[in-house]
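Data first, discussion second: the structure below is written as structure tokens.
Nothing fancy with the numbering, it's 1 onward along the sequence.
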Amino acid sequence: MSSSAQKHDVFQAIADPTRREVLKLLAEKELPISEITSHFSISRTAIAKHLQVLSEAELVSGRKVGREKIYRLHPEPLTELKRWLAFYEKFWENKLSILKHIVENPEDQRLQVIKSEETDKK
């Protein structure tokens, strides 16, 4: 399925916690829909709809084996998500660096100014 024909993209597909959990299950091994459904308190029909969204985003595929449909993970589209998140890591790392500095240097005068400004606001 070409990206222009996709109904759902990776971001839409992983927006739902149930779909994220389905991806986790399929990361371990291929599973039939009956086994996937057994991990949730929702109906098989609801799981089938979640699998359809994941399929449209090309994150999973299903193949018929007898009467059962077996699903498998295709993690490659998640690289788009990884690239998008990588841009924001610099902000997280900066915050962690600041926190590390605060913890390791509680006597830093610059931090005292920040703390007193916050106290004044209260």
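- Within the structure, every pair that satisfies the side chain to side chain donor-acceptor pair (under 3.5 Å) test and touches residues 19-31, not counting sequence neighbours, is listed here: Arg19-His50, Glu30-Arg63, Glu30-Arg72.
- Within the model, atoms CZ of Arg44 and OG of Ser34 stand 6.0 Å from one another, a figure rounded to the nearest 0.5 Å.
- By the rule that hydrophobic residues join a cluster once side-chain heavy atoms approach within less than 4.5 Å of another member, Ile33 and Val65 end up as members of separate clusters.
- Salt bridge absent: Glu76 and Lys82 never bring a charged side-chain N and a carboxylate O closer than 4.0 Å.
- Remark: Ser43 engages Thr45, Ala46 in a side chain to side chain contact (heavy atoms under 4.5 Å, CB included) (not counting sequence neighbours).
- We find the CZ-CD distance between Arg83 and Glu80 to be 6.5 Å, quoted to the nearest 0.5 Å.
- Of all the heavy atoms in Glu35 and His39, the pair that sits closest is O-CD2, 3.0 Å.
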Ile70 and Leu31: CA distance, side-chain angles, deciding distance, side-chain contact (heavy atoms from CB on, under 4.5 Å) verdict
CA-CA 5 Å; Ile70 308 295; Leu31 294 171; over 6 Å; no
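- The distance from the CG atom of Asp16 to the NE2 atom of His8 is 10.5 Å, given to the nearest 0.5 Å.
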Where do Leu59 and Val53 land on the side-chain contact (heavy atoms from CB on, under 4.5 Å) test, with the steps shown first?
CA-CA 9 Å; Leu59 287 166; Val53 171; over 6 Å; no
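- Under the 4.5 Å side-chain criterion, counting only non-hydrogen atoms from C-beta, Leu23 is in contact with Val60.
- In terms of hydrophobic clustering, with Ile, Leu, Val, Met, Phe, Trp and Tyr side chains grouped at heavy-atom distances under 4.5 Å, Ile14 and Leu25 are assigned to a common cluster.
- Annotation: the span from Ile36 atom CD1 to Thr18 atom OG1 amounts to 12.5 Å, rounded to 0.5 Å.
- Residue pairs meeting the ring-ring contact (aromatic ring centres under 6.0 Å, His included) criterion with at least one partner in residues 57-89, sequence neighbours excluded, are Phe11-Trp84, Trp84-Tyr88.
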